[in-house]
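These values consider heavy atoms only, across backbone and side chains, with no hydrogens, waters or symmetry-generated copies. Letters go in sequence order (proteins before strands), and every chain restarts at 1.
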Amino acid sequence: MDFLSTLNEPQYEGVVNTEGPAMIIAGAGSGKTRVLTYRIAYLIKEKGVDPFNILSLTFTNKAAREMRERIEKVAGLNARNLWMGTFHSVFARILRAEADRLGYPSNFTIYDSDDSKSLIKTIVKEFGLDDKVYKPNVVLNRISGAKNRLVEWSEYINNPLYAADDAAAQKPEMGRIYKTYCQRCFKADAMDFDDLLLNTNILFRDHLDVLHKYQHRFKYVLVDEFQDTNVSQYLITKKLSAVSQNIAVVGDDAQSIYAFRGANIENILNFEKDFPDLKVIKLEQNYRSTKNIVEAANSLIAQNKGQLKKSVWTANNDGNRIELIKSISDNEEGRFVSSTIFEQKAQNNYENKDFAILYRTNSQSRAIEEALRKSGIPYKIYGGLSFYQRKEIKDLMGYLRFAINTNDEQSFRRIINLPKRGIGPTSVEKMVVAAFEHDIPLWEVLTNIDMFLPGRAANAVRDFVTLVKSFKIYVDSKDAFEAASHIAKASGLLKELYDDKTVEGLNRYENVQELLNAMKEFVETPEVEDKTLGAFLQDIALLTDADNEDPTDNDFVSLMTIHASKGLEFKNVFIVGLEEDLFPSQMMLSSRADLEEERRLFYVAITRAQDNLYFSYALSRYRFGRLINCEPSRFIEEVDPNYIFVNTRFGSREPKLGKSEQPPGFSSSFARNLMSNKKPVAKKPLQYHKPSVDFKPSDTSKLGEGMKVEHPKFGFGKVRKLDTEGANKKAIVIFEDFGEKTLLLAFAKLRIVE
DNA sequence: GACTCCGATCTTTTT
DNA sequence: GATCGGAGTC
C-alpha cells in the first residue's frame with residue numbers, strides 16, 4: 001500500500017482502524033477528505049471488502065462525486081459499486097425500492113422546499129388563518145424541526161408540551177396544519193426533504209426484515225461532515241451499523257453551521273455514549289493555510305464556550321497578515337475587491353480561480369458583481385436562485401412531474417392553467433377539496449370531472465386530461481429527452497416562451513433548452529441504464545446548484561455564501577460585508593440567539609483561505625432598497641489584532657463617490673465623519689431616490705390635463721388625458737423615461753410639479 | 001370567474 | 001429587484 005506512506009501519524013490511524021466504531025475529529029484543512037478516501041481504498045484493496053458493502057454518506061452530491069473519483073484513482077474501477085451520496089439521495093433510493101412497505105408508490109414525487117411552502121400556504125388559507133401569523137417559512141421550520149426529531153404528527157398533536165409551545169407563540173393551530181400537511185403529502189404520493197429521512201427511520205423501525213437486509217448489506221458505514229447531521233440522520237446510521245459496529249464518523253465541531261436545519265452537535269456526545277469502545281482520532285495539523293490564518297482562526301474560535309478540545313496548528317510559513325479594509329459603501333467595497341484581485345494577479349501570478357469572495361447572504365453579491373463586471377474580471381456566482389428554481393424550469397418540470405405522478409398536487413396547481421385555459425383558482429380549489437373530501441386520488445377527480453365541476457371549466461379540464469394522458473404514453477414508451485421535448489412542445493410552454501422576444505423571454509427559452517440538453521446528455525450517457533423520464537427526475541430532484549459545476553473547471557472568481565463554501569479552499573479569500581447585524585445576522589441573533597453558530601460560520605470562512613485573507617466591511621450599504629448605516633462586525637474585534645493589518649489605502653482620505661451613487665444628504669462632511677469616527681454618526685437613515693415631498697393620492701384631485709407631474713417610480717411626466725367619468729378615475733401620463741402609462745387615480749402617487 | 005395591473009412587502013444560511 | 005396580493009375590469 002504505497003499511498004499510505006504519504007500520511008502523517010493520526011491520518012494513518014484514521015485510515016487503517018477500519019474495524020469497530022471510530023470518530024475522527026478533523027480540524028480545518030487537516031486532510032479529512034484524504035483520510036476518508038484512503039480509508040475506503042484501504043478497505044477495498046487491503047481488506048478485500050466488496051465496494052458493494054460500503055456505504056459512504058456525504059453532505060453534498062459534489063463531495064460524493066469527488067470522493068468517488070479519487071477512490072477510483074487509488075483503488076481502481078470497481079469502486080463504482082460503492083454506495084456513496086448524500087443522506088437524502090441514498091435513502092430516497094432505498095425508499096423507492098421499499099416504497100410499498102410504507103404505502104407509497106415507488107415513483108413518489110419529492111417536494112422541494114418551494115413545494116412544501118406553497119402547500120402550507122394553501123392549507124393556511126383553507127383553514128381561514130392569517131398567513132402573517134402562520135408564515136409558511138415559520139410553519140415549515142416548525143414541521144421540519146419536529147420531523148427531524150422523529151416527532152410524527154400523531155405524536156405532535158397528542159403532546160401537550162408542543163401545544164403549549166405553539167399557544168405561547170400565538171400559533172395554536174400548528175398541530176392541525178402539521179397533520180393536514182402530512183396527509184396532503186401522502187395523498188399526493190409525495191415526500192418532502194425531511195420525509196426522506198423520517199420515513200427511512202419509520203421503515204427501519206416497523207419493518208425489521210428490511211432493516212436486517214440493509215444492516216447485512218452495509219458492513220461498513222462512513223459519515224462525512226458528522227457535525228452537520230441531525231438526529232434523524234444519526235439514528236439511521238446508528239441502526240444500520242448496530243450489528244457490524246463498523247461505523248466511522250468524520251467531522252469538526254468547530255465547523256458546525258447547520259443547527260438551523262436541525263444539525264445537532266450533541267450527536268457527537270451521543271455517539272460516544274452509543275458506541276462506548278469507540279476509537280477517537282484527532283487530526284490537528286493544518287496543511288492548507290499560512291500560520292497567520294490558522295492562528296487568527298484559532299483566536300476567534302476560542303471565544304466559543306461549547307467545543308471539543310482540539311488544537312489546530314500548522315508547519316506552514318507565517319504568510320501575510322489579514323488585511324482589513326473599510327469602505328464607505330458597498331459599491332466601494334466591490335471596487336476595492338476587484339482592484340485588489342487585479343493587483344494580486346499582476347504581482348503574484350494568481351489566476352482568477354485562485355480568488356473567492358464570501359458573504360453571509362446571497363443578496364450581497366450584487367454590488368460585488370457589478371464591480372467585477374466593470375473591471376472585466378470573469379466571475380461565477382454559486383447559489384442564489386438555482387437553475388431548478390427558475391419559473392420556466394419549474395413550469396416544465398411541473399408538467400413532467402405530473403405526467404409521472406398524476407396525484408402531485410403542487411405540480412397540478414402549477415400547470416393546470418398554464419398556458420391559460422380558463423381554469424381559475426376557484427375551480428382548482430374545488431377539485432382539490434373534492435379529492436380530499438371523497439378520499440379519492442386527484443387524478444380520479446380529474447377523469448370524472450363532470451361529477452365535481454359544472455359548466456365551462458369542466459370542458460377545459462377534460463382537454464387537460466386528454467393532454468396529460470397523451471403525455472403519459474410518451475413517458476412510458478420514449479426516453480427522457482424525447483418525452484420531455486414532446487411535452488414542452490405539446491403543452492404550449494415552449495411556444496409561449498418562443499413568442500416572448502424580450503431579453504428575459506429569450507433567456508427563459510434558452511433555459512428550457514438547457515434543461516432539454518441536460519436530458520439529452522443523460523440519455524446519451526452509456527452508464528445510465530434507466531433512460532426514462534422518471535429516472536431522470538429522480539436523479540435531479542435532490543441536486544442543488546453547487547452540484548452542477550466545478551470551480552476549478554474554468555478560470556473565474558468564485559462568489560458564494562459561506563455556507564456554500566464549506567469543504568472548498570482558495571488561495572485568496574475575501575470575506576465581505578462584515579457588519580454588525582449582517583454578520584452576525586440580526587435574524588439569527590433575535591430568533592435563536594445563537595451567536596456561537598455565527599462565529600463558527602466566520603471560522604469556516606477564515607479557514608477556506610490558503611495564502612491571503614481579506615476582511616472587508618462597508619459603513620453604509622443598500623438593504624431592502626434603502627441606504628442604511630452599518631457598524632463593523634464584533635467578530636473583527638474578536639480576532640487577535642496581531643494577525644490583522646488595517647489597509648489605509650482608502651481610509652486615510654475622504655472618499656469620493658460618483659455622482660450617481662451619492663444619495664441626497666450625503667455630504668462630504670458626513671463622509672468624513674464616517675471615516676474618522678469609530679461609529680458612523682447619522683441622525684436618520686439615509687434615504688435614496690425617495691422624493692422629499694410625500695406623495696399622497698389626494699394630490700391628484702387637483703390634477704388637470706397638460707400638467708407636469710412627478711411619480712416616485714417613473715419620474716417626471718406630463719398628463720395627456722384625464723378620465724374622470726364613472727367610478728374609475730384614470731390619468732394617462734407620458735413619462736420622460738418610461739413613456740405612456742395609465743394610472744388609477746385612487747392609487748396613483750402623483751405629485752403636481754406645475 | 002378569470003385576468004391585469006399596480007403597489008406593498010420582504011431577504012439567512014440549504015438537502 | 002422579484003414576488004404576492006388586492007382592486008378593478010373584462
Checklist entry - Under the 3.5 angstrom rule, does the side chain of A:Glu370 hit a backbone N or O of A:Arg366 as a donor-acceptor pair? => result no
Checklist entry - Closer to the 5' end of DNA chain B via nearest nucleotide, is it A:His563 or A:Ser427? => result A:Ser427
Checklist entry - In whole Å, what is the span from the CD atom of A:Glu597 to the P atom of B:dT13? => result 13 Å
Next on the checklist: Rounded to whole Å, please give me the gap between NZ in A:Lys430 and P in B:dG1.
Outcome noted: 5 Å
Next on the checklist: Quick check on B:dT15: is either OP1 or OP2 less than 4.0 Å from any side-chain nitrogen or oxygen of A:Ser113?
Outcome noted: no
Item to check | A:Phe574: ring pair (Phe, Tyr, Trp, His ring centres under 6.0 Å) partners, not counting sequence neighbours | outcome: A:Tyr614
Checklist entry - Which of the following nucleotides, C:dC4, C:dG1, B:dT15, is nearest to the side chain of A:Lys121? => result C:dC4
Next on the checklist: Holding to ring pair (Phe, Tyr, Trp, His ring centres under 6.0 Å), I want the full list of residues that pass it with A:Tyr111, two or more places apart in sequence or in another chain.
Outcome noted: none
Checklist entry - A:Phe87 near the nucleic acid: base, sugar-phosphate alone, or nothing, with a heavy-atom cut-off under 4.0 Å? => result nothing
Checklist outcome for this item: DNA chain B nearest-nucleotide lookup for A:Lys420 and A:Thr561: closer to the 5′ end is A:Lys420
Checklist entry - OP1 or OP2 of B:dA2 less than 4.0 angstrom from a side-chain nitrogen or oxygen of A:Asn417, does that happen here? => result no
Checklist outcome for this item: Rounded to whole Å, NZ of A:Lys147 lies from P of B:dT14 at a distance of 21 Å
Checklist outcome for this item: Separation of B:dG1 atom C1' from A:Met431 atom CE, nearest Å, is 13 Å
Next on the checklist: I want to check one thing: is the phosphate of B:dA2, taken as OP1 and OP2, less than 4.0 Å away from some side-chain N or O of A:Thr426?
Outcome noted: yes
Next on the checklist: Are A:Phe226 and A:Phe59, when compared by the centres of their aromatic rings, separated by less than 6.0 Å?
Outcome noted: no
Checklist entry - Which whole-number value in Å describes the distance from A:Ile257 CD1 to B:dT14 C1'? => result 10 Å
Next on the checklist: Under 4.0 Å from OP1 or OP2 of B:dT14: is there any side-chain N or O of A:Thr86 that close?
Outcome noted: no
Next on the checklist: Using whole Å, what does the distance between atom P of nucleotide B:dT15 and atom CG of A:Leu196 come to?
Outcome noted: 13 Å
Next on the checklist: Could you tell me how far apart A:Asn362 (CG) and B:dT14 (P) are, to the nearest whole angstrom?
Outcome noted: 6 Å
Next on the checklist: What contact category does A:Leu601 fall into here, base, sugar-phosphate, or nothing, at under 4.0 angstrom with non-hydrogen atoms?
Outcome noted: nothing
Checklist entry - Are any of the side-chain heavy atoms of A:Val139 and A:Ile143 separated by less than 4.5 Å? => result yes
Checklist entry - Quick one: A:Asn137 CG to B:dT13 P, roughly how many Å, whole number? => result 10 Å
